[in-house]
Amino acid sequence: MAANSSVVSVAAAATTVPGVSTVADFSDLREIKKQLLLIAGLTRERGLLHSSKWSAELAFSLPALPLSELQPPPPLTEEDAQDVDAYTLAKAYFDVKEYDRAAHFLHGCNSKKAYFLYMYSRYLSGEKKKDDETVDSLGPLEKGQVKNEALRELRVELSRKHQARGLDGFGLYLYGVVLRKLDLVKEAIDVFVEATHVLPLHWGAWLELCNLITDKEMLKFLSLPDTWMKEFFLAHIYTELQLIEEALQKYQHLIDVGFSKSSYIVSQIAVAYHNIRDIDKALSIFNELRKQDPYRIENMDTFSNLLYVRSMKSELSYLAHNLCEIDKYRVETCCVIGNYYSLRSQHEKAALYFQRALKLNPRYLGAWTLMGHEYMEMKNTSAAIQAYRHAIEVNKRDYRAWYGLGQTYEILKMPFYCLYYYRRAHQLRPNDSRMLVALGECYEKLNQLVEAKKCYWRAYAVGDVEKMALVKLAKLHEQLTESEQAAQCYIKYIQDIYSCGETVEHLEESTAFRYLAQYYFKCKLWDEASTCAQKCCAFNDTREEGKALLRQILQLRNQGETPTSDTPGTFFLPASLSANNTPTRRVSPLNLSSVTP
């Protein structure tokens with residue numbers, strides 16, 4: 001989806017905020033710091049607190065400026081001077097969330113700043129009423145039709161102003177937000193791109209644009225301004241699109257040019273490692289971040305996810321108590337407490353805290369997904385489906401919600417449905433073996449065995465997290481009486497689990513040795529069969545079969561039986577196995593396409 005071709009020309013003609021300009025690169029960090037301090041003040045004046053905080057944090061990570069280089073705020077225009085009394089009063093009402101009152105006193109003001117605050121107050125008033133009505137009248141999972149009634153009026157007024165080229169960068173940002181809320185995605189993207197040209201320093205416009213981009217192809221067609229802010233945007237969008245290698249390169253570059261003390265960049269790097277499941281690295285970075293910024297709450301729900309995966313109960317408990325002391329009514333705090341109860345298998349309590357998070361912010365993605373997981377644990381599939389669907393409405397790029405829907409429909413024994421959802425998850429995470437294994441299982445249930453084999457092989461090729469792809473592929477070959485390929489898969493599986501040194505499920509290890517023992521026995525390869533049979537004796541479920549096979553081998557050897565000449569010539573036998581040795585030689589890859597379905 002391309003931005004309007006007229007974006008640049010419109011941007012050039014649009015009214016910009018006085019005194020705000022940007023440099024294209026990072027050659028002058030002092031100038032960048034001045035810009036960040038300036039935009040932090042301008043966004044704060046307009047009630048855009050998150051953008052102000054982001055700019056201030058980034059400015060704090062750069063060296064301090066001497067007094068002589070500190071810039072005064074932009075001078076007031078004639079219109080600003082006329083509206084200063086009304087603006088000052090309205091801003092006081094706005095700060096205490098009396099939005100209708102603020103809008104009332106700003107009605108008729110002509111300055112850009114007062115006009116923005118007037119329209120923004122009306123927008124936030126509508127949002128507040130919508131959220132209040134949602135909390136009062138609906139359960140946490142009910143599909144309500146509650147809308148912000150102010151949106152359509154705001155769109156008409158802002159559109160008229162836009163056509164007259166009367167919107168500055170902040171006005172364009174608000175117009176884009178209104179369009180997005182009305183699901184006019186293409187128009188919203190065009191307006192946000194225009195906003196980044198008119199006011200490149202406003203992080204909020206970049207962030208809104210990021211939320212509307214669904215893939216890398218879409219990103220290529222956007223006509224974005226050549227400014228240093230674009231580097232932060234690209235790093236963020238790469239993280240969101242699961243292009244983690246590119247994201248980490250961007251963040252490393254930002255650290256190298258002088259932003260090494262930025263807590264925002266450090267937290268984004270930790271999130272990136274979390275997304276590629278490099279849990280140790282992510283935990284290490286989050287722990288370091290907590291030392292630097294002990295009262296930080298942003299991203300702590302992601303940190304708690306990592307502690308949950310590692311079953312670190314005491315650390316998760318400490319984090320939950322600590323965040324409660326800082327601010328118990330933040331969505332991140334509620335999610336951390338929910339994860340803590342989930343780890344203790346108190347799923348009803350966990351779901352309650354995720355519901356609390358959603359009452360605080362109904363568009364908080366992580367809470368919807370986590371609540372879906374809790375309902376899955378409680379076997380409440382209909383509630384889980386609703387929660388996952390809400391998560392997808394908030395962010396269509398959330399692979400966890402797509403994957404969760406696939407799991408739910410798998411429980412309901414609806415393979416065509418779960419195939420669709422697993423495919424969507426796989427498109428978002430093409431190199432995640434869990435998605436590929438799930439897809440393979442779906443194809444297997446639908447008797448599409450060729451596609452199932454492709455999925456299992458691809459899962460192994462990209463790095464099988466759960467070490468199950470080869471076993472499933474081997475069993476599929478067994479089912480199709482393709483004994484040679486099944487044996488190759490089991491050999492690869494044995495090699496992999498021993499080379500990584502992990503403790504694995506004995507059931508699958510014993511299954512592999514049992515099959516190989518029988519395979520070699522049929523081929524009359526007594527040494528290999530005997531070694532595999534001895535391995536079987538180490539497991540309870542295959543001990544008797546292993547002993548029986550060893551007796552048969554001994555009997556046949558005593559009778560002078562020799563290996564048959566029909567042993568498959570293309571099959572590479574592993575190195576000699578003993579009680580303490582495992583195969584080390586790689587067999588040739590299976591003749592399967594690595595193209596994913």
Side-chain angles (χ1 to χ4, degrees), residues 139-143 214 240-242 271 274-277 279 301-302 304-309 311 331-332 334-336 338-343 345-358 361-443 445-446 455 459 465-466 468 597:
L141 291 173
E142 290 178 39
K143 178 74 173 172
T214 54
E240 291 293 306
L241 295 175
Q242 305 296 328
V271 169
H274 163 268
N275 288 353
I276 55 171
R277 296 180 70 79
I279 296 172
D301 51 335
T302 304
S304 75
N305 292 341
L306 294 164
L307 297 174
Y308 178 92
V309 170
S311 299
V331 286
E332 294 92 342
C334 292
C335 287
V336 171
N339 272 337
Y340 170 68
Y341 282 121
S342 181
L343 188 57
S345 299
Q346 294 177 255
H347 300 297
E348 291 83 0
K349 264 193 172 182
L352 178 65
Y353 274 96
F354 295 136
Q355 288 174 15
R356 284 187 186 179
L358 292 167
N361 182 358
R363 291 188 60 80
Y364 195 71
L365 173 66
W368 283 117
T369 308
L370 292 168
M371 191 158 69
H373 296 343
E374 293 312 305
Y375 283 125
M376 282 281 284
E377 292 288 345
M378 292 187 280
K379 305 293 188 285
N380 188 346
T381 51
S382 61
I385 288 170
Q386 285 182 321
Y388 289 135
R389 288 193 188 283
H390 276 290
I392 290 166
E393 283 177 17
V394 174
N395 185 355
K396 288 183 171 60
R397 294 193 303 259
D398 182 27
Y399 76 93
R400 297 169 302 170
W402 292 107
Y403 185 67
L405 278 171
Q407 288 181 310
T408 310
Y409 282 108
E410 194 171 356
I411 290 170
L412 296 172
K413 301 194 186 318
M414 300 170 75
F416 281 106
Y417 279 83
C418 68
L419 178 63
Y420 169 76
Y421 292 115
Y422 282 144
R423 282 173 69 94
R424 292 298 298 264
H426 168 60
Q427 287 165 7
L428 292 166
R429 299 269 291 187
N431 293 322
D432 193 323
S433 62
R434 295 168 300 163
M435 315 299 153
L436 286 158
V437 169
L439 263 177
E441 289 173 341
C442 273
Y443 280 124
K445 286 170 186 170
L446 294 168
C455 289
V465 174
E466 295 170 338
M468 289 300 296

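The model shown is predicted, which means the values in this text are computed figures rather than measured ones.
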Backbone N/O of Tyr420 and side chain of Trp402: donor-acceptor pair under 3.5 Å: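 Such a contact is absent between Trp402 side chain and Tyr420 backbone.
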
Identify the heavy atoms of [X] and [Y] that sit nearest to each other, and give their distance.
X      : Y      : answer
Gly372 : Ala384 : O-CB, 3.6 Å
Ile392 : Ala401 : CG1-CB, 3.7 Å
Leu419 : Cys442 : N-SG, 3.8 Å
Thr369 : Ala391 : OG1-CB, 3.6 Å
Arg400 : Tyr388 : O-CE2, 4.5 Å
Gly404 : Thr408 : O-OG1, 2.7 Å

Working to the nearest 0.5 Å, report the span between [atom1] of [X] and [atom2] of [Y].
X      : Y      : atom1 : atom2 : value
Gln346 : Tyr340 : CD    : OH    : 7.5 Å
His347 : Lys349 : NE2   : NZ    : 13.5 Å
Glu240 : Asp398 : CD    : CG    : 9.5 Å
Cys335 : Leu358 : SG    : CG    : 7.5 Å
Glu393 : Arg389 : CD    : CZ    : 9.0 Å
Arg434 : Arg277 : CZ    : CZ    : 4.0 Å

Candidate pair Met376 and Ile411, rule side chain to side chain contact (heavy atoms under 4.5 Å, CB included), full reasoning: CA-CA 9 Å; Met376 282 281 284; Ile411 290 170; 3.5 Å; yes

Flag for Tyr308-Ser342: side-chain donor and acceptor within less than 3.5 Å: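 Looking only at side-chain atoms, Tyr308 and Ser342 do form a donor-acceptor pair, the distance falling under 3.5 Å.
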
Polar side chain donor-acceptor pair, Glu410 to Tyr422, under 3.5 angstrom: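 Judged by distance alone, the side chains do pair up.
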
Intermediate values then yes/no, side chain to side chain contact (heavy atoms under 4.5 Å, CB included), Ile385 and Leu405: CA-CA 6 Å; Ile385 288 170; Leu405 278 171; 4.0 Å; yes

Ring-face cation of Arg356 near Tyr353 (centre distance under 6.0 Å, axis angle within 45°):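 Judged by the rule (NZ or CZ under 6.0 Å from the ring centre, within 45° of its axis), Arg356 counts as positioned above Tyr353.
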
How about [X] and [Y]: do any of their side-chain heavy atoms sit closer than 4.5 Å?
X      : Y      : answer
Asn431 : Ile276 : no
Gln242 : Arg397 : no
Asn380 : Ser382 : yes
Phe354 : Asn339 : yes
Asn275 : Arg429 : yes

Full working for side chain to side chain contact (heavy atoms under 4.5 Å, CB included) between Asn305 and Leu370: CA-CA 10 Å; Asn305 292 341; Leu370 292 168; 4.1 Å; yes

Stepwise side chain to side chain contact (heavy atoms under 4.5 Å, CB included) test for Leu306 and His274: CA-CA 7 Å; Leu306 294 164; His274 163 268; 3.5 Å; yes

Which residues share a side chain to side chain donor-acceptor pair (under 3.5 Å) with Tyr399, sequence neighbours left out: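 Side chain to side chain donor-acceptor pair (under 3.5 Å) list for Tyr399, sorted by chain: empty.
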
Pair His390 and Tyr364, ring centroids less than 6.0 Å apart: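 His390 vs Tyr364: aromatic centres not under 6.0 Å.
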
Residue pairs passing the salt bridge (Lys or Arg N to Asp or Glu O under 4.0 Å) test where at least one lies in residues 371-385, sequence neighbours excluded: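 For residues 371-385, and leaving out neighbouring residues, there are no salt bridge (Lys or Arg N to Asp or Glu O under 4.0 Å) pairs at all.
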
